[in-house]
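What follows is one structure encoded as structure tokens, with my remarks underneath.
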Amino acid sequence: MLRRSFNLFAVAVLSLGATLAHATEWKAGEHYTVLKQPVPTADANKIEVVEAFGYSCPHCNAFEPMLHAWSQKLADDVTFENMPVVFGRSWEPLARAYYVGKLLGVKDKVHQAMFDAIHVERRRFRSPEDIAEVFEEHGVSKQDFLKTYNSFAVGMQLKQSDARVRGYQIQGVPSIIVNGKYLVTSTLTGSHANMLKVAEHLIEKERNAQ
């Protein structure tokens, strides 16, 4: 009889723990920041999720596999995009490289490859030609890479992303912005995993508000 009572008690405790974990309340100002001035999204009919990142950032590199797997499972009413930031002159060539991949339709091939080149292979990019070598390994000629790298289109993408970074009030990366209204960072959430949990909470919040 005592054993039965103990087992029932143990089940109750485990159930309570699961309930509390599930019922975590993510609060504005404590776990995420509400932007004072919302930034317009590309499609008002979709819930937009943007990740601000930098290829040279080790935290972005560690976050990328988890983020990629998560982004592949988002519902059809949610859009996702990566957005490179430029915090200094050394960041611009890598941001340009991201937009080259996007414009040439090879972003899915070279995005992880760029992280690997920097953080795993320890390659040093001293010129656009050095970066072009990564793209050549994935089917893009050096000529096509350099032409796009120096194009007006890439320059405009950089200007647009710079304006968005200011609007999002981004101070560090990786950061997640949900629907142009909420800024999520590991500084507030405590971990990369929690960043995604808070993002899910905010996606549902926006979905319910529509």
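The chain is numbered in sequence order, starting from 1. Atoms considered below: every heavy atom in the structure, side chains included; atoms not considered: hydrogens, waters and symmetry mates.
The structure places CZ of Arg126 at 13.5 Å from OG of Ser90, a figure rounded to the nearest 0.5 Å. One distance of note links CG of Leu94 with SG of Cys57; it measures 11.5 Å at 0.5 Å rounding. If you take CD1 on Ile131 and CG on Leu146, they are separated by 9.5 Å, rounding to the nearest 0.5 Å. To the nearest 0.5 Å, atom NE2 of residue His68 and atom CD of residue Glu51 are 12.0 Å apart.
Connection of Val165 to Val34 is not established within any shared hydrophobic cluster, with ILVMFWY side chains joined at heavy-atom distances below 4.5 Å, either directly or through further cluster members. Residues Val134 and Tyr149 share a hydrophobic cluster, clusters being chains of Ile/Leu/Val/Met/Phe/Trp/Tyr side chains in contact below 4.5 Å.
Ring pair Tyr98/Phe53: centre-to-centre distance below 6.0 Å.
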Apply the test side chain to side chain contact (heavy atoms under 4.5 Å, CB included) to residues Lys181 and Leu202: give CA-CA distance (whole Å), side-chain angles for both, the deciding distance (0.1 Å), then the verdict. CA-CA 9 Å; Lys181 299 179 181 179; Leu202 294 171; over 6 Å; no
Step by step, work out the side chain to side chain contact (heavy atoms under 4.5 Å, CB included) result for Gln171 and Thr187. CA-CA 11 Å; Gln171 300 297 316; Thr187 301; over 6 Å; no
Verdict with supporting geometry, Leu183 and Leu188, side chain to side chain contact (heavy atoms under 4.5 Å, CB included): CA-CA 10 Å; Leu183 176 64; Leu188 291 182; over 6 Å; no
Check step by step if side chain to side chain contact (heavy atoms under 4.5 Å, CB included) holds for Ile170 and Phe87. CA-CA 10 Å; Ile170 293 171; Phe87 285 151; 4.1 Å; yes
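Of the N and O atoms on the side chains of Tyr55 and His111, at least one donor lies less than 3.5 Å from an acceptor on the other residue.
Side chain of His201 to backbone of Lys197: no donor-acceptor contact under 3.5 angstrom is found. Although no hydrogens or angles enter the test, the distance criterion places no donor-acceptor pair under 3.5 Å between the side chain of Gln169 and the main chain of Leu35. Side chain of Lys46 to backbone of Asp76: a donor-acceptor contact under 3.5 angstrom is found. Under a 3.5 Å cut-off, the side chain of Asp162 and the backbone N or O of Leu158 do not form any donor-acceptor pair.
Contact between Met195 and Thr185 at its shortest, heavy atoms only, is CG-C, 3.8 Å. Residues Glu200 and Trp70 come closest through the heavy atom pair OE2-NE1, 2.8 Å. Residues Ala52 and Val173 share a closest heavy-atom pair of O-CG1, 3.4 Å. Looking at every heavy atom in both residues, Ser141 comes nearest to Glu136 through C-CG, 4.3 Å.
Of the candidates Tyr168, Tyr32, Trp26, Tyr32 is the only one forming a ring pair (Phe, Tyr, Trp, His ring centres under 6.0 Å) with Tyr182. Val184 pairs with exactly one of Leu196, Asn194, Ile176 by the side-chain contact (heavy atoms from CB on, under 4.5 Å) rule, that one being Ile176.
Within 6.0 Å of the NE2 atom in His59, the count of heavy atoms belonging to other residues, nucleotides or ligands does not exceed 12. Shown here is Lys205, whose NZ atom has no more than 12 heavy atoms of other residues, nucleotides or ligands within 6.0 Å.
For the pair Arg123 and Glu137, the salt-bridge criterion is met [side-chain N within less than 4.0 Å of a carboxylate O].
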